[in-house]
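Throughout, protein chains are lettered first and strands after them, A, B, ... in sequence-line order, and every chain is numbered starting at 1.
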Amino acid sequence: MTEDINKIGKDLEKSFYLRRPDVVARNLIGNIVLREYHGSRIGGTIVETEAYFGENDEVSHAYRGITERNKSMFKEGGHVYVYFTYGMHYCMNVVCGKMGVGRAVLLRAIRPEFGIETMKSLRKCEATNLTNGPAKLCQALGIDKTLDGISLFSGPVRIVEGQKSGIKIASSFRIGVKESIPRKARYYVVSDEFVSK
DNA sequence: AAGAAGATATGCT
DNA sequence: GCATATCTTCTTA
């Protein structure tokens, strides 16, 4: 599996994740999420992310400290934080920074590229609506609570270098939260049809 | 022990 | 645009 993934792209360096979440969020755009799913590989290029801080960020799950639910958000950068919400949805984050700081980047949308048929069957819908939202993307990639806390370097979920030339990245305020920090922490590819609405 | 809210998606009006 | 599904986790008593 490792060899095949390297044909698509190299794993991002560990040091990539040991930075501020807004920096990681912006630089994740254009890279590729890969999910090993029942022997096949599915995934695509990241086109939309949001940064969540720990302290000074009221809406972050990490704001009130470590709990059973959010404990993997406090791991070292390069791990995965998956949480369950609204009684039916999973969302996936990439943890960043040093161990214990509780910072992460929410993956909000990807461009479906690998294993599109598999993703369609997981989502039961068509390609334009496959992965343009944080919970949709998790459903399409078969991501659930069992993947919470895993490493991006050894498990069934990887992030590898993608082709970044020719894309325009813009920022805005985050979606779906009462904005508490005067900072545009959402990053997305300009005029990409797979960005969430 | 109980209640409220939630980093959402979908379907209907 | 708004209601609703649906259930885990945290907060408060």
Short side-chain N/O contact to B/dT10 OP1/OP2 from A/Arg123, under 4.0 Å:
yes
For A/Phe153, enumerate each residue passing the ring-ring contact (aromatic ring centres under 6.0 Å, His included) test, keeping only those at least two apart in sequence or located in another chain.
A/Tyr17
Are A/Arg103 and A/Glu55 within salt-bridge range, i.e. N to O under 4.0 Å?
yes
Could you give the distance from NZ (A/Lys184) to CG (A/Asp22), rounded to the nearest 0.5 Å?
14.0 Å
Quick one: how far along DNA chain C does chain A reach, first to last nucleotide 5' to 3', anything under 4.0 Å to a heavy atom?
C/dA5 to C/dT11
Using atom NZ of A/Lys197 as one end and atom P of B/dA7 as the other, report the distance to the nearest whole Å.
22 Å
Go through DNA chain B and write down every stem, that is, every run of at least three consecutive Watson-Crick or G-U wobble pairs with distances under 3.5 Å, as range with range.
B:1-6 with C:7-12, B:8-12 with C:1-5
Write down the atom of A/Glu161, the atom of A/Leu12, and the distance for their closest heavy-atom approach.
CG-CD2, 3.5 Å
Does A/Arg174 use its side chain to pair, donor to acceptor, with the backbone of A/Ala185 at less than 3.5 Å?
no
Should A/Phe194 and A/Ile167 be regarded as members of a common hydrophobic cluster, given that ILVMFWY residues are connected when their side-chain heavy atoms come within less than 4.5 Å of each other, either directly or indirectly?
yes
If you measure from the P atom in B/dA2 to the same atom in C/dT6, how many Å do you get, rounded?
23 Å
Please test A/Gln163 against A/Ser165 for side-chain hydrogen bond (donor to acceptor under 3.5 Å, both in side chains), starting from the C-alpha separation and ending with a verdict.
CA-CA 6 Å; A/Gln163 181 54 257; A/Ser165 61; 2.9 Å; yes
Roughly how many Å is it from CG in A/Leu137 to C1' in B/dT8, rounded to a whole number?
13 Å
Please report, to 0.1 Å, the donor-acceptor pairs under 3.5 Å made by any side chain of residues 77-98 of chain A, with sequence neighbours excluded.
residue	atom	partner	partner atom	Å
A/His79	ND1	A/Glu76	O	2.9
A/Tyr81	OH	A/His61	ND1	2.9
A/Asn93	ND2	A/Tyr81	O	3.3

State plainly whether one hydrophobic cluster holds both A/Ile175 and A/Tyr63, where clusters connect Ile, Leu, Val, Met, Phe, Trp and Tyr through side-chain heavy atoms under 4.5 angstrom apart.
no
Against the six-membered ring of A/Tyr188, is A/Arg186 placed for a cation-pi contact (under 6.0 Å from the centre, within 45° of the normal)?
yes
Which whole-number value in Å describes the distance from A/Asn132 CG to B/dT10 C1'?
12 Å
Can you tell me if A/Lys75 uses its side chain to pair, donor with acceptor, with the backbone of A/Gly149 under 3.5 Å?
yes
Could you tell me whether A/Glu68 contacts a base, only the sugar-phosphate backbone, or nothing, with contacts defined as non-hydrogen atoms closer than 4.0 Å?
sugar-phosphate
For A/Asn129 and B/dT8, what is the distance between atoms CG and P respectively, to the nearest whole Å?
15 Å
Closest non-hydrogen atoms of A/Ala140 and A/Leu122, given as atom of the first, atom of the second and distance, are O-CD1, 3.1 Å
Rounding to an integer number of Å, can you tell me how far A/Glu58 CD sits from B/dA5 P?
16 Å
For a side-chain hydrogen bond (donor to acceptor under 3.5 Å, both in side chains) check, start with the C-alpha distance between A/Ser72 and A/Asp148, then their side-chain angles and the critical distance, and finish with the verdict.
CA-CA 7 Å; A/Ser72 46; A/Asp148 182 40; 2.6 Å; yes
Can you pull out the residues from residues 74-89 of chain A that lie within a 4.0 Å heavy-atom distance of DNA chain C?
A/Phe84, A/Tyr86, A/Gly87, A/Met88
Checking all strands, does A/Arg186 fall into the base, sugar-phosphate, or nothing category for heavy-atom contacts under 4.0 angstrom?
nothing
Whole-Å distance between B/dT10 C1' and A/Leu130 CG?
15 Å
Tell me whether the OP1 or OP2 atom of B/dA7 has a side-chain N or O from A/Lys178 closer than 4.0 Å.
no
Gap in Å between the two P atoms, one belonging to B/dA5 and one to C/dA3, rounded
16 Å
Neighbours of DNA chain C within residues 90-107 of chain A, by heavy-atom distance under 4.0 Å
none
Does NZ belonging to A/Lys145 count more than 12 external heavy atoms closer than 6.0 Å?
yes
